[in-house]
Amino acid sequence: MNYKIALIPGDGIGPDIVREGCRALDAVGKKFGHSFSYTEYLAGGCAIDATGEPLPEATLKGCCASDAVLLGAVGGPKWDTLPGAKRPEKALLGLRGGMKVYANLRPALLFRQLSNACPLKSEIVGDGLDILIVRELTGGIYFGDRGRNAAGDSAWDTEAYSAEEIERVLKIGFDSAMKRNKKLCVVDKANILETSRLWREVAERMKASWPQVELSYMYVDNAAMQLVRNPRQFDVIVTSNMFGDILSDEASQITGSIGMLASASLGDSGPGLYEPIHGSAPDIAGKDLANPLATILTCAMLLRYSFGLEKEAAAIEAAVEKVLDDGWRTGDIAGSAADRTALGSKLVGTKKMGDLVVAALES
Ligand code: IPM
Ligand code: MG
């Protein structure tokens, strides 16, 4: 079977890592008899430079007509002074909204080979961390009304959610919990926000359909604290767009390896949008220093969620584990020279890391 993948390499290290992701996909395709055809599209800073727009119409059209979209990263200091509507980040929001991918799955996983990179004490981490954050992605304050008064000295951004928007993302939360440890925590600010009270009402209405899932609620300030105090209490967290943005960065840091974490954004039908959760790291772009593993693991999510290719996804994940087991590390996960000597690990660049994953897939 041939699958059509839209590629958005984007800015900074985006092209470096997307290239390695495609090599891993091709290797897995060869092994299991699938082929992937890629079409590249512009979005972000490079699109602003080429067309004046962060998200050209042809990009959104091409993405919506594909089977899945793989995105590297967008943004960089060059475009930071542009007005809001012309910034590279606008491309991300335009893609998310335009593709209607309302559920953003962000697993925060501590790889056992990288446990020394985890900043939490070992008694807190126990034998590992494995949390899934489900972030609502096409509503809330990111998409609500915003503006300024005529004098420009007063501004507003609005958080709004409909019961329907809440229900569809909660459903993904409940279903995800069923596939994991059957615990779902709705994170909100229901002591203050009316939208949060609606989230709770909808969750209460729905919970009877997932009797095996243990449902709980937590205020976001407490959740931020609990993530560092006792992260192992969480299985699946489901939350609004902005709270999810903030908590997923925190969750990624407690795993110590943001260069390893993947994400998938899904809607009801139509292609999913897949991106590593790290940014464009312009300072190391094109220098063969970026860690491609988050993107390679993102390709595994793409195979699993968009194409239903579970064996193939697992093969990529096993190849990454093997490379880590063998001691190969890019700079971000390598620790100091002394750590490397102590652990017997070896420092490699982007391309070599990609080669190693391909070799593990071929073996
Ligand atoms: C993320 C990013 C984006 C967001 C930015 C770049 C617009 O932080 O994907 O988490 O806030 O959603
Ligand atoms: Mg973020």
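Both ligands and their constituent atoms are indexed starting at 1 by order of listing. If you're wondering where the values come from, they're calculated on a predicted model, not measured in any experiment.
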(request) Taking only heavy atoms of R96 into account, list the atoms of ligand 1 that are under 4.0 Å away from them. (result) 1 (C), 4 (C), 9 (O), 12 (O)

(request) Heavy-atom contacts with L92 under 4.0 Å: which atoms of ligand 1 show up? List them by number with element. (result) 6 (C)

(message) Using the rule salt bridge (Lys or Arg N to Asp or Glu O under 4.0 Å), only one of R180, K183, K182 pairs with D235; which is it?
(response) R180

(message) Both conditions, 6.0 Å and 45 degrees, for the charged tip of R168 above the ring of Y102: are they met here?
(response) yes

(request) Using atom types as modelled and distance alone, determine if a side-chain donor or acceptor of R329 lies under 3.5 Å from a backbone N or O of L324. (result) yes

(request) Look only at interatomic distance and state if R135 has a nitrogen or oxygen under 3.5 Å from any nitrogen or oxygen of ligand 1. (result) yes

(request) State plainly whether the residues E275 and R106 are in salt-bridge range, i.e. N to O under 4.0 Å. (result) no

(message) Strictly below 4.0 Å, N to O, side chains only: are K100 and D268 in salt-bridge contact?
(response) no

(request) State if M242 counts as touching ligand 1 under the rule of any non-hydrogen atom under 4.0 Å. (result) no

(request) Would you give the length of the straight line joining atom CD of E321 to atom CG of L293, rounded to the nearest 0.5 angstrom? (result) 10.5 Å

(request) Provide the atom name of the closest N, O or S atom of D245 relative to the Mg ion (ligand 2). (result) OD1

(request) List the closest protein heavy-atom neighbour of atom 11 (O) of ligand 1: residue, atom name, distance to the nearest 0.1 Å. (result) Y142 OH, 2.6 Å

(message) Give me the residue, atom name and distance of the protein heavy atom closest to atom 2 (C) of ligand 1.
(response) D245 OD1, 4.0 Å

(message) Under the ring-ring contact (aromatic ring centres under 6.0 Å, His included) test against W199, which residue among Y219, Y217, F243, Y161 passes?
(response) Y161

(message) Is the contact between R87 and ligand 1 made by the side chain, the backbone, both, or neither, using heavy atoms and a 4.0 Å cut-off?
(response) neither

(message) Given R106, H278, E89, identify the one with the heavy atom nearest to atom 1 (C) of ligand 1.
(response) R106

